[in-house]
Novice: 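One structure is given below, represented as structure tokens, and several questions about it will come after.
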Amino acid sequence: MMEATNAELYRLVLTDAPYVIGAYAILWIAFVVYLSMVLARMMRLEKEVDLLESAVSKRSGE
Amino acid sequence: MTDAALTSNALEVRDLSRTFGARKALDGVDFDLPTGAFLSIFGPNGAGKSTLLKVLSTLTPPSKGSAKVLGLDVVEGAVELRERIGFISHNPLLYPDLSAEENLEFFAEIYCIDRPKERIRELLDAVELDHRRLDLVRTFSRGMLQRLSIARALLHDPALIYLDEPYSGLDPHAMDILDGLIERVREGRTFVMVSHDLSKGLELCSHALILSKGRIVLFQDKDLIDEDEFHQTYRSTVGLGVS
Amino acid sequence: MSSWRQFKAILKKDIVMELRTKEMLTSMGLYALLVLVVYYITLSQAGADFEVRRIAAGLLWLVFIFTSLLGLNRSLVHEKDQGCLEALLISPTDRPVIFFGKAVGNLIFLLIVEALIVPLFFFIFLARPGAQAGGPVWMLALALILGSIGIAGVGTLLATMSVNTKGKDFILAVLFIPIMFPLLLAVVAGSAAVLQADPEYVRTFWQMMGLAAGYDVIMLLAAFGLYEFVLGA
Amino acid sequence: MKQLRTAIVLVAIGGLLTTAAFLMAFFTAEVQQFGTVTLEQEVDTVFPVAPDQFQPPAGEGIAYVRPWFSQKIFYFHVPVAEASFLVLIISAVFAIRFLTSKRAEFDTKSRIAMETALVFVVLTMITGVLWTRASWGVWWEWEPRLTTYFIMMLMMIAYFVLRNSIEEEERRATYAAVFAVVAAINAPISFMITRVIPSNHPVVFQPGMASSNLLPFIIGQIGMLMIGYGIYTARMTEERLRERVEIAKEALEG
């Protein structure tokens, strides 16, 4: 009986919990996704730079 | 003015560069032009011709180096310099909804000219537009627009006139009139013209300059120019610019 | 003073051109009238007991913000079209003179349109038998003037940028409305206070006018300082 | 790639700090109170009994203090929001430096700072919306801070729209810089003006706040700034690579 009402109290209070957790989750996911996008782009660019710059040095060496 | 008289150079360009990031619009441009000369600037698209004109007409400051026009620095003496230069472009730079006279009156006020009425009358006479002075510029033909635009540029009696592709879009007749006008006002003035039209530019000029990729490829007195060789040089730079 | 002479010339030229073509005033005025028609459609569904007065200030400013976009764009397109702005820049005109010349011209046209639309709006939507009377007219006029000064000043800066972009009208709206947000909030609140004339409205009104005036001063200074860079580009 | 390493280290430390703040918010921070919950009878619970003035008339149950869990968003929401503001100002400072020096690097810096600020503003908006839903039961409320951030987001989007609509590089950089300055001046005005109009946004950060609450907040704030700087550094590294690609391409094409 007492346990039941205590649980009720928690239920009343914890209705906002999903939103709090959701907010944190979205923040983290957003950072991770954004940074991994940047990293992926950077890796691609790195390859491109290597390719192009070796081509340039080859040409200037000729 | 005294400086200009002293050095007798209308333009003194020293190691002029105009860069933005990795892009070099002008790269170490360096030349002198004597007062009273007519300089024609040639070059392919993107060679830096209009940037050079912009720097010389105080619209953009140089990134490096300096330029003196009529003895005045284009940055420090900009305001004073603006009173002494005129500008004729392929755009008429006139308001279509004002009459010829109103347009000139507006620019006379902008240049703070004394006794504007007489000056305007005199100029309209000179460009043979006196009979159309009350008509809206909107109704003018291309050639008439160009004539009025010359009158506008001469309002404040500038010592140096910039011409930005003045012949583009003109029919042969209008070109002849423009030639005649330029010939008439040439006395005592320095001209700098940017042009695509090789033969026209060579015909008028006393000095020729070819720009490519922001650098001077050739700068010569007209008397020293061998025309075939000049065409050859121009073609090779344009060819270079395209590939 | 040569600057004063140049300023007068720019202003006079804009007014002469406008009187000749009536381009800006007709387009702005007509547009405002069309918006009034749309308001009628909107309000026709609100029911007889709906108090239009409560939202009148917002509706009024809505007309002006959109008509001003139209006018600002036009006014700078005139300068841009034949390269006239370039001709001004190459002349010995100080850049601030160009800014004030254009901004004051825009302000005048905006005020003319407002002077035509406000009475019309009043007679169509507010002059009903039994409707309560609002505050004095001069208060509304003050709100309109303070709002228009901000619109003309900041608008001239932003329109000078947007005429050089692809899709000018759209860009102007996108830049202009968020920047105008604080001013709009203040003048709408101030005008609403006057129109509703609730008790104590004079205090709210003056508070809002203070905010609007503060915005005008700060933003005009900023626009004035930045205009030279915009012209130089 | 020294810069990339810096970026990774910054983001990692920032991540640790914000996680610490997150955990502290739940385990060490004092739970703030938000109204009361009335039950029919007394129960055995850790929730404290509300002060007398909140108690219902005798015989109608007993009021307990309601712990305010949605307030926990505060430890994230406010640091993100303040970081976004700061980064916007930094972007405007770079914009001014660009306008006075006309050097392209400041334009890039200003643009990247603006992009970072936009990321933060969007996150502020999302956490703010979730907070309104949790606390007030609605998804959106036109209240001062949310409105301000909404306007800030619009201005930042407008900044990128403006950039995309101009071809010529130098003009694009100049106009963007001018707009960045105007936006940075406008943001605090919006913030101030939305507050003058009465509203019900809570002011959580009170002077009397317990130090157990202040500590996780400060740690979260520092962590968030580090993440922000990390994002900025990473993006700058990317832009530098991009420039190198452009230069190499130009060199190859003639």
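Below, all heavy atoms of this structure are taken into account, side chains as well, without hydrogens, waters or symmetry copies. Letters A, B, ... mirror the listed sequences (proteins, then strands); counts begin at 1.
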Novice: Kindly write out the residues that satisfy side chain to side chain contact (heavy atoms under 4.5 Å, CB included) with D:Val122, not counting sequence neighbours, or none if the list is empty.
Specialist: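 D:Val122: side chain to side chain contact (heavy atoms under 4.5 Å, CB included) contacts with D:Leu118, D:Ile126, D:Met153.
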Novice: Among D:Ile96, D:Thr174, D:Leu99, which residue forms the greatest number of heavy-atom pairs with chain C at distances under 4.5 Å?
Specialist: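 So the answer, after comparing D:Ile96, D:Thr174, D:Leu99, is D:Leu99.
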Novice: For atom CZ of C:Phe224, is the number of surrounding heavy atoms from other residues, nucleotides or ligands below 6.0 Å larger than 12?
Specialist: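 No, because the 6.0 Å sphere around CZ of C:Phe224 holds 12 heavy atoms or fewer from other groups.
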Novice: Do you know which two heavy atoms are closest between D:Phe179 and D:Met155, and how far apart they sit?
Specialist: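 So the two residues come closest at CE2-O, 3.3 Å.
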Novice: What I want to find out is whether D:Glu169 reaches D:Arg172 closely enough, with some N-O distance under 4.0 Å, to be called a salt bridge.
Specialist: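 A salt bridge is absent here (no side-chain N lies under 4.0 Å from a carboxylate O).
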Novice: Would a 4.5 Å heavy-atom cut-off, applied to side chains only, mark C:Leu62 and C:Val35 as touching?
Specialist: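 The answer is no; the side chains never approach within 4.5 Å.
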Novice: Of all of D:Val182, D:Leu154, D:Ile185, which one pairs up most often with chain C through heavy atoms under 4.5 Å apart?
Specialist: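 The option with the most such pairs is D:Val182.
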Novice: Select one option (side chain, backbone, both, neither) describing which atoms of C:Ile218 are under 4.5 Å from chain D's heavy atoms.
Specialist: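 Contact with chain D is through the side chain of C:Ile218 alone.
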Novice: Under 4.5 Å heavy-atom distance to chain C, tell me which part of D:Glu168 shows up: side chain, backbone, both or neither.
Specialist: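 Answer is neither: D:Glu168 stays 4.5 Å or more from chain C.
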Novice: Does OH belonging to D:Tyr229 count more than 12 external heavy atoms closer than 6.0 Å?
Specialist: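 No.
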Novice: Using a 3.5 Å distance criterion without hydrogens, assess whether the side chain of C:Lys102 forms a donor-acceptor pair with backbone atoms of C:Leu76.
Specialist: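 Between the backbone of C:Leu76 and the side chain of C:Lys102 there is no qualifying donor-acceptor contact (under 3.5 Å).
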Novice: Go through D:Ile189, D:Ile166, D:Ile157 and name the one with the most non-hydrogen pairs under 4.5 angstrom from chain C.
Specialist: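 Highest number of pairs under 4.5 Å: D:Ile189.
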Novice: For each of C:Val154, C:Leu183, C:Ile171, C:Asn164, tally heavy-atom pairs with chain D at distances under 4.5 Å, and name the one with the top tally.
Specialist: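 Looking at each of C:Val154, C:Leu183, C:Ile171, C:Asn164 in turn, C:Asn164 comes out on top.
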Novice: Most heavy-atom pairs under 4.5 angstrom with chain C, which of D:Lys102, D:Arg171, D:Met152?
Specialist: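 Sorted descending by pairs with chain C, the first entry is D:Arg171.
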Novice: Where on D:Ser165 is there a heavy atom nearer than 4.5 Å to chain C: the side chain, the backbone, both, or neither?
Specialist: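 Both backbone and side chain.
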Novice: Measure distances from D:Thr147 to the heavy atoms of chain C and classify the residue's part below 4.5 Å as side chain, backbone, both or neither.
Specialist: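 Side chain of D:Thr147 only, per the 4.5 Å heavy-atom cut-off to chain C.
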Novice: Pick one of side chain, backbone, both or neither for C:Phe181, based on which atoms fall under 4.5 Å of a heavy atom in chain D.
Specialist: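 Just its side chain gets close to chain D.
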Novice: Can you say whether C:Ile177 sits under 4.5 Å from chain D via the side chain, the backbone, both, or neither, judging by heavy atoms?
Specialist: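 Answer is neither: C:Ile177 stays 4.5 Å or more from chain D.
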Novice: Give a yes or no on whether D:Glu82 atom CD has more than 12 heavy-atom contacts from other residues, nucleotides or ligands under 6.0 Å away.
Specialist: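 Count over threshold, so yes.
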Novice: Under 4.5 Å heavy-atom distance to chain D, tell me which part of C:Leu211 shows up: side chain, backbone, both or neither.
Specialist: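 Contact with chain D: side chain only.
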Novice: Checking heavy atoms, do the side chain of C:Tyr227, its backbone, both or neither come under 4.5 Å from chain D?
Specialist: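 Neither part.
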Novice: Taking atom CZ as the centre, does D:Arg242 end up with more than 12 heavy-atom neighbours from other residues, nucleotides or ligands that are less than 6.0 angstrom away?
Specialist: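 For D:Arg242, atom CZ is crowded (more than 12 foreign heavy atoms under 6.0 Å).
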Novice: Chain D heavy atoms under 4.5 Å from C:Thr160: which part of the residue, side chain, backbone, both or neither?
Specialist: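 Only the backbone of C:Thr160 comes within 4.5 Å of chain D.
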